[in-house]
**Q** 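Dumping the structure here so I can ask a few things about it.
Counting starts at 1 for both ligands and their atoms, in listed order. Everything numeric in this text was worked out from a predicted model, so none of it was measured.
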Amino acid sequence: MVATGSAVRVRLAPSPTGTLHIGTARTAVFNWLFAHRHGGQFLLRIEDTDRTRSKPEYTANILEGLAWLGLHWDGEPVIQSERIEAHRAAIQQLLDSGRAYRCYANEAELTEMRERQAAENRAPRYDNRHRDLSPEQEQAYIAEGREATVRFRIDDDAEITWTDLVRGEMRWAGSDLGGDMVIARRAPADQIGDPLYNLVVVVDDAAMAISHVIRGEDHIANTAKQLLLYGALGATAPVFAHTPLILNQEGKKLSKRDGVTSVSDFQRMGYTAEALANYMTLLGWSPPEGMGERFTLAEAAAAFDFERVNRAGARFDWDKLNWLNSQVLHGRSPAAHREALVPLWRAEGWLPADPSADAAAGSAADPAWQEQLAALLGPSLVLLADGVEQARPFFERPELSEAAVKQLASDGARPALQALLERLPEGALSSEQAQALLGDAVSAAGVKKGVLMKSLRAALLGSLQGPDLLSTWLLLQPSGEAAARIQRSL
Ligand code: GLU
């Protein structure tokens with residue numbers, strides 16, 4: 001499919017009219033995998049020709065999101081708006097060769113045309129009315145002061161075919177493309193207005209020597225039009241691969257209405273880049289037998305091919321993403337957990353803003369203490385953000401839940417906690433010392449160990465659920481917080 005020796009050059013061409021969308025990121029993943037599979041180049045082109053909707057902060061968000069996911073691109077991004085002269089030159093070339101012409105139809109006339117088509121139950125299309133104007137007719141329109149768009153001729157009997165790497169043999173009829181296509185916006189008739197999407201993409205892909213265009217299947221009709229443009233411009237067309245859409249749980253195209261659609265949303269929710277990149281690879285690609293579902297981008301690249309990309313839309317599966325995320329998190333070391341969680345804890349105001357502030361051993365600012373807490377919470381995290389709620393009772397004294405109050409009022413609870421409190425020294429404890437204290441308190445109070453354990457959990461965490469009790473106690477011990485909470489519960 002890829003001739004040996006031919007250089008693979010693919011590109012991602014995001015429009016900076018919004019934050020990095022999950023669909024664009026998934027397209028980026030497939031481009032990156034294909035480039036890396038073939039030792040090729042993954043290029044980036046920022047399609048900022050829509051001047052009113054494009055914003056620099058969106059470009060920044062897109063670049064940051066791609067870098068965060070590990071989808072590094074080769075070279076500097078191409079900025080499409082800087083290439084407008086090349087776009088205009090291509091339009092001029094098409095005008096000169098007669099493949100394009102000026103259309104003077106105004107908005108009112110086009111609206112009237114569309115309304116008539118709708119009334120006659122016909123599909124809307126431009127009726128090519130200005131395709132063959134005589135020089136006199138043209139002069140008359142210009143004398144009227146009319147502006148013109150530039151349209152590219154699409155013959156109804158044109159047959160457009162290509163072999164799509166995902167979808168196989170594709171065939172389009174020129175008559176299905178909506179009539180002659182506008183390639184430059186309306187402008188005074190002696191000028192060329194703003195060049196439009198299909199034209200600029202072809203000019204830029206050709207200039208960047210793109211070998212394979214990998215993009216979402218919502219661009220299939222554009223591909224048919226673009227192939228005609230490649231022909232008219234005398235440029236070699238790339239190979240195309242149209243990837244399936246991402247669908248929501250209901251099987252509809254994933255959209256803004258589904259809430260989270262931006263990579264930065266996923267990041268904020270506590271998904272890791274590894275899990276999200278892994279998950280996006282699975283959105284439409286089936287790894288070969290034996291590979292399992294967990295892998296790095298580099299591992300996926302080694303096995304990637306379009307034969308295993310599905311044609312059907314890929315349904316977004318939160319359970320699988322959550323599972324992958326928990327797998328990534330559970331594989332991390334306590335030090336890695338600490339590194340990821342400390343910024344979140346700091347954002348809650350739980351840690352001093354200055355990370356180098358002198359920290360007393362066993363205080364919240366002490367890195368060793370932080371790592372101990374991270375090690376305690378790490379194994380139960382599904383989302384990184386869970387490490388905030390689960391850490392809260394270690395930084396803020398929790399209210400007692402109803403169940404905790406009930407436990408503390410139950411038989412033996414008070415004497416057991418009283419006995420423990422009386423024996424509790426100040427400062428840090430080892431787990432052996434803590435175990436011994438529990439034993440002593442249980443015999444002194446004459447209660448079952450379970451009673452003390454359950455009551456101690458209620459006292460320390462205000463709840464009957466939570467992480468390992470002994471570790472919880474050891475973390476709350478050095479600051480005196482364990483004693484204070486037991487005291488409060490009495
Ligand atoms: N700017 C287009 C988009 O974001 C690029 C499509 C393409 O890859 O050609 O949809």
Side-chain angles (χ1 to χ4, degrees), residues 8-35 40-56 58-63 65-66 71 73 77-84 86-87 90 152 160 162 164-167 170 172 177 181 183 185 194-230 233 235-246 253-256 261-263 280 284 306 309:
V8 165
R9 287 170 65 86
V10 297
R11 58 26 169 214
L12 182 75
S15 305
T17 53
T19 52
L20 178 58
H21 186 274
I22 186 83
T24 309
R26 202 276 308 260
T27 300
V29 168
F30 283 8
N31 274 282
W32 190 97
L33 293 174
F34 188 72
Q41 302 257 300
F42 170 54
L43 309 175
L44 200 54
R45 182 171 70 233
I46 302 297
E47 302 212 316
D48 60 343
T49 47
D50 184 340
R51 285 182 244 161
T52 44
R53 290 172 58 224
S54 297
K55 300 223 159 67
Y58 292 140
T59 300
N61 175 279
I62 290 166
L63 299 186
L66 292 172
L71 299 168
W73 54 93
V78 171
I79 308 298
Q80 190 161 60
S81 59
E82 292 172 2
R83 296 188 27 80
I84 190 154
H87 306 146
F152 174 68
I160 305 133
W162 76 91
D164 193 283
L165 291 189
V166 177
R167 309 177 69 87
M170 302 292 285
W172 277 73
L177 295 177
M181 152 173 74
I183 53 175
R185 267 189 232 282
D194 284 342
L196 289 176
Y197 168 73
N198 280 305
L199 184 279
V200 297
V201 164
V202 167
V203 172
D204 289 350
D205 282 340
M208 290 164 74
I210 297 303
S211 63
H212 296 74
V213 168
I214 303 164
R215 60 185 173 196
E217 68 173 40
D218 44 335
H219 284 290
I220 288 178
N222 287 329
T223 296
K225 295 174 183 171
Q226 289 173 20
L227 281 167
L228 292 174
L229 284 166
Y230 279 104
L233 289 166
T236 311
V239 176
F240 288 90
H242 290 94
T243 55
L245 297 181
I246 302 179
K253 186 179 169 182
L254 194 75
S255 75
K256 286 229 159 56
T261 46
S262 281
V263 167
M280 286 192 292
F306 278 105
V309 172

**Q** At what distance, to the nearest 0.5 angstrom, does CG of Leu229 lie from OG1 of Thr223?
**A** 11.5 Å

**Q** Side chain to side chain donor-acceptor pair (under 3.5 Å) with Arg11: which of Asn31, Asp204, Asp205?
**A** Asp205

**Q** Please report the interatomic distance CE(Met280) to CH2(Trp32), rounded to the nearest 0.5 Å.
**A** 12.0 Å

**Q** Would you kindly say whether Thr19 and Asn61 are connected by a side-chain donor-acceptor distance under 3.5 Å?
**A** no

**Q** Which heavy atom of the protein is the closest neighbour of atom 10 (O) of ligand 1, given with residue, atom name and distance?
**A** His219 NE2, 3.0 Å

**Q** In the protein, which heavy atom is nearest to atom 5 (C) of ligand 1, and how far is it?
**A** Ala13 O, 3.1 Å

**Q** Among protein heavy atoms, which lies nearest atom 8 (O) of ligand 1, and at what distance?
**A** Arg11 NH1, 2.6 Å

**Q** Who's the nearest protein heavy-atom neighbour of atom 1 (N) of ligand 1, and how far?
**A** Glu47 OE1, 2.6 Å

**Q** When you measure from atom 9 (O) of ligand 1 to every protein heavy atom, which one gives the shortest distance, and what is it?
**A** Arg215 NH1, 2.7 Å

**Q** Using the six-membered ring wherever Trp is involved, compare the ring planes of Phe306 and Phe34 and label them parallel, tilted or perpendicular (cut-offs 30° and 60°).
**A** tilted

